[in-house]
Amino acid sequence: MITSLQVRSRYLLILVLITVMLYYPVLLGLCDAFISEERGFTLSNIQYILSRKSIQYAIKFTFVQAFTSSILSVLFGLIAAFSLLILGFRGANIYRALTIIPFMAPPMVVVMGFTALYGSRGILTSIYPGFIVFGEGFWAVIAAHVFYNIPLSLNMVYAALVSIPKNLIDSITMFSRGRLFFIFRKIIIPYILPALFSSFILTFIYCFTSFAIPLSLGGVKYSTLEVYIYYYYKIFIDKHKAAAIAFTQYLFLLAFVALFIVLHGKTFTAPIGYRHYRLRVSKKFKILLGIYLTVITFYLYSPLLSIAYYSFYNPLAKTYGLEGFFRIFNIAYDQALGIPTHFIYVNTFYYAFMVALLSMVISTIIVVSGSKITDILYVSILAISPLTIALGLVRAYGSILPNYMLIIIAHTLASLPLTTRVLRLGFSRISRNIIDAAKVLGCKGASLYLRVLIPLSKPSYLVAISLALVVSLGEFSSTFFIHVPETTTLGVAIYKYRALRDWQASAASALILLILTGSILALLSRKMERWL
């Protein structure tokens, strides 16, 4: 049996880890908002930030784009989830699982995909110039955020839809004589409403803290608060003003995270082995839903597929060739990157494997410590933006740790909510009878986890390791903030090549990164289905 001393020691270990990696750096970084080099404690930084028209506009735009993106994502995701439920075609669950590929796609890959498809020289823009609205500016930011979050809404709402008991649907169908509107009003909407609000708030938080998309597609005019943190720290070299913006953003995020916690606790999920129900609709309605699902599929995957075309096509010279691949596979020194090209691959893979290792160790300790610790960690990271974490790490450890270690810590923090959730679900699905039998045979304490629970959770560990790899491979915000030329990754290389208008090299880099992350997610799509 686990003693109270063992429990306290686990809590203490986790508290120390989270404090050293997250709380202390972030607190130190945010404290700079209230420090003046001349007068010590001051509120002048906050007052200055809130009085600037550019920051006021950024606050307004951050809210507007997050709200608009969330509304559209939830609406499109709801209809897509309903389409999957109604159509119920063979492979629907695989389709749903594969939507994790666009959802987990690296930000700069998505940016390059939208540029290749909707940019000034994009594939669709060459057919109809009006598509450029999705390639740059306000609606480009919205379109890219909707691209990311349709899968999130789809999966959360679908899980709530299929969690409705089949006998309840059958009974109400008989009572209402199959009237679909009545079934929706009385049963389906009350069941899925918490999931709708929960997915809306979570999408809002993700869009609110977006960095790569507004930085690359929005430009200076459509910059979010997250982008302004970068501007003030890296361009204006004013860490106090940057911290003031980060603190302001943090206050907004706390309110939304608190709302998400309340709503998410009321959502329903489908139990393992649930019996699927069917809703009777007309053939014409099914055709409409099929067309809608086809359009959504095109919207989710066409930007990713267009990257492959752009990696061979030079839109400036209007020629085809392998110049992009020659550049990114050349081991010589690259002036755009400031290092030999092969460094970006060494860095990218090294960070990913280190993050996977650290995430598994820390996530296991967290899960073993109990659900309360898991929830605290999840909420803590959700309420702090990636750039705020990076700012804090640089502030706290920048003078004593090399940049590559700061990047690894930042990537690990980004992956912990996902890996911890997966391992927690994996442990919870182990039969209580197996645990009781192991205890009777003498497996207690650490032995119970090492010899029984962890071996039985191998599928969840496989998924968790894969997600940690994907998160690290695609992480851009914290990497871009912390990096120096020697620590450049594939994601940063995509941004630098794109900034130089070297479309082929940027697209070729994005294609390699997409193949790496997409292959991992596609190979494990059936296993990941249980965690969506």
Side-chain angles (χ1 to χ4, degrees), residues 104-122 135-137 140-141 144-145 147-148 209-220 222-224 226-231 233-235 303-304 306-307 310-311 315-316 324-325 327-328 334-348 351-352 385-387 390-391 403-404 406-407 410-411 414 471-517:
M104 294 291 293
M108 286 312 301
V109 169
V110 175
V111 166
M112 195 59 225
F114 270 72
T115 300
L117 199 63
Y118 305 112
S120 58
R121 294 177 174 84
E136 56 187 47
V141 174
H145 285 163
F147 165 90
Y148 258 121
T209 58
S210 180
F211 175 69
I213 288 171
L215 177 70
S216 302
L217 299 179
V220 177
Y222 299 108
S223 297
T224 58
E226 191 84 338
V227 175
Y228 267 96
I229 295 173
Y230 174 82
Y231 285 161
Y233 195 94
K234 290 290 187 178
I235 298 177
L304 303 181
S306 64
I307 294 172
Y310 238 51
S311 63
L316 298 176
F325 291 99
R327 181 166 184 177
I328 65 172
D334 191 311
Q335 290 184 347
L337 304 179
I339 53 172
T341 310
H342 68 276
F343 272 41
I344 63 176
Y345 303 103
V346 175
N347 293 335
T348 301
Y351 299 157
S385 73
L387 225 60
L391 185 150
N403 289 68
Y404 77 89
L406 299 180
I407 291 174
H411 287 197
V471 168
S472 180
L473 288 170
E475 173 59 31
F476 176 77
S477 302
S478 58
T479 311
F480 189 64
F481 188 89
I482 298 171
H483 94 286
V484 291
E486 292 76 17
T487 60
T488 300
T489 60
L490 264 173
V492 175
I494 297 169
Y495 178 85
K496 290 185 175 181
Y497 286 136
R498 184 179 180 274
L500 294 173
R501 298 297 188 267
D502 190 339
W503 304 115
Q504 283 184 286
S506 183
S509 302
L511 181 62
I512 293 171
L513 194 53
L514 177 61
I515 291 173
L516 289 172
T517 56

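Positions are given from 1 along the sequence.
- Taking 4.5 Å as the limit, some side-chain heavy atom of S472 sits within range of a side-chain heavy atom of Y351.
- Annotation for V471 and M104: closest pair CG2-CE, 3.8 Å, computed over non-hydrogen atoms.
- Of the inter-residue distances, the one linking Y148 atom OH with I213 atom CD1 reads 5.5 Å to the nearest 0.5 angstrom.
- S385 and E226 share a donor-acceptor pair across their side chains, judged by distance under 3.5 Å alone.
- Taking the six-membered ring for Trp and thresholds of 30 and 60 degrees, F211 and F480 have ring planes inclined between 30 and 60 degrees apart.
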Inset, instruction - Begin from the C-alpha positions of Y231 and V220 and carry the test side-chain contact (heavy atoms from CB on, under 4.5 Å) through to its verdict. - result: CA-CA 10 Å; Y231 285 161; V220 177; 3.9 Å; yes

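- No donor-acceptor pair closer than 3.5 Å links the side chain of S478 to the backbone N or O of L387.
- Between Y495 and F476, the two ring planes are tilted [angle within 30° to 60°].
- Interatomic distance, F325 CZ to Q504 CD, rounded to the nearest 0.5 Å: 9.0 Å.
- Counting all heavy atoms, side chain and backbone alike, P315 lies closest to W503 at CG-CD1, 3.3 Å.
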Inset, instruction - Any chance you could lay out the side-chain contact (heavy atoms from CB on, under 4.5 Å) test for Y310 and R121, step after step, and finish with the verdict? - result: CA-CA 10 Å; Y310 238 51; R121 294 177 174 84; 3.6 Å; yes

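- Annotation: the span from I328 atom CD1 to D334 atom CG amounts to 10.5 Å, rounded to 0.5 Å.
- Shortest non-hydrogen contact noted between S210 and T224 is O-OG1, 3.0 Å.
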Donor-acceptor pairs under 3.5 angstrom involving side-chain atoms of residues 507-517: please list them, not counting sequence neighbours.
residue, atom, partner, partner atom, Å
S509, OG, A505, O, 2.9
T517, OG1, L513, O, 3.0
T517, OG1, L514, O, 3.3

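- Across every non-hydrogen atom of V492 and H483, the tightest pair is CG1-NE2, 3.8 Å.
- Atom-to-atom distance recorded for F343:CZ and T489:OG1 is 14.5 Å, nearest 0.5 angstrom.
- S506 places a side-chain N or O within donor-acceptor distance of the main-chain N or O of I494, the cut-off being under 3.5 Å.
- T341 has its side chain out of reach of R327: every pair of non-hydrogen atoms, C-beta onward, lies at least 4.5 Å apart.
- Considering all non-hydrogen atoms of both residues, Y345 and L490 come closest at CE2-CD2, 4.0 Å.
- Annotation: side chain of M112 is not in contact with side chain of S311 (no heavy-atom distance under 4.5 Å).
- Taken to the nearest 0.5 Å, the OG1 atom of T487 stands 9.5 Å off from the CG atom of L406.
- Between L304 and A105, the shortest heavy-atom contact is CD2-CB, 4.4 Å.
- Applying the salt bridge (Lys or Arg N to Asp or Glu O under 4.0 Å) test to pairs two or more places apart or on separate chains, none has a residue in residues 476-501.
- Expressed to the nearest 0.5 Å, how far CG of L215 lies from OH of Y230 amounts to 7.0 Å.
- Between F147 and F114, the two ring planes are perpendicular [angle over 60°; tilted spans 30° to 60°].
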Inset, instruction - Tell me, with the steps shown, if I344 and I339 meet side-chain contact (heavy atoms from CB on, under 4.5 Å). - result: CA-CA 8 Å; I344 63 176; I339 53 172; 4.1 Å; yes

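- N403 contributes a side-chain N or O that, together with a main-chain N or O of I482, makes up a donor-acceptor pair within less than 3.5 Å.
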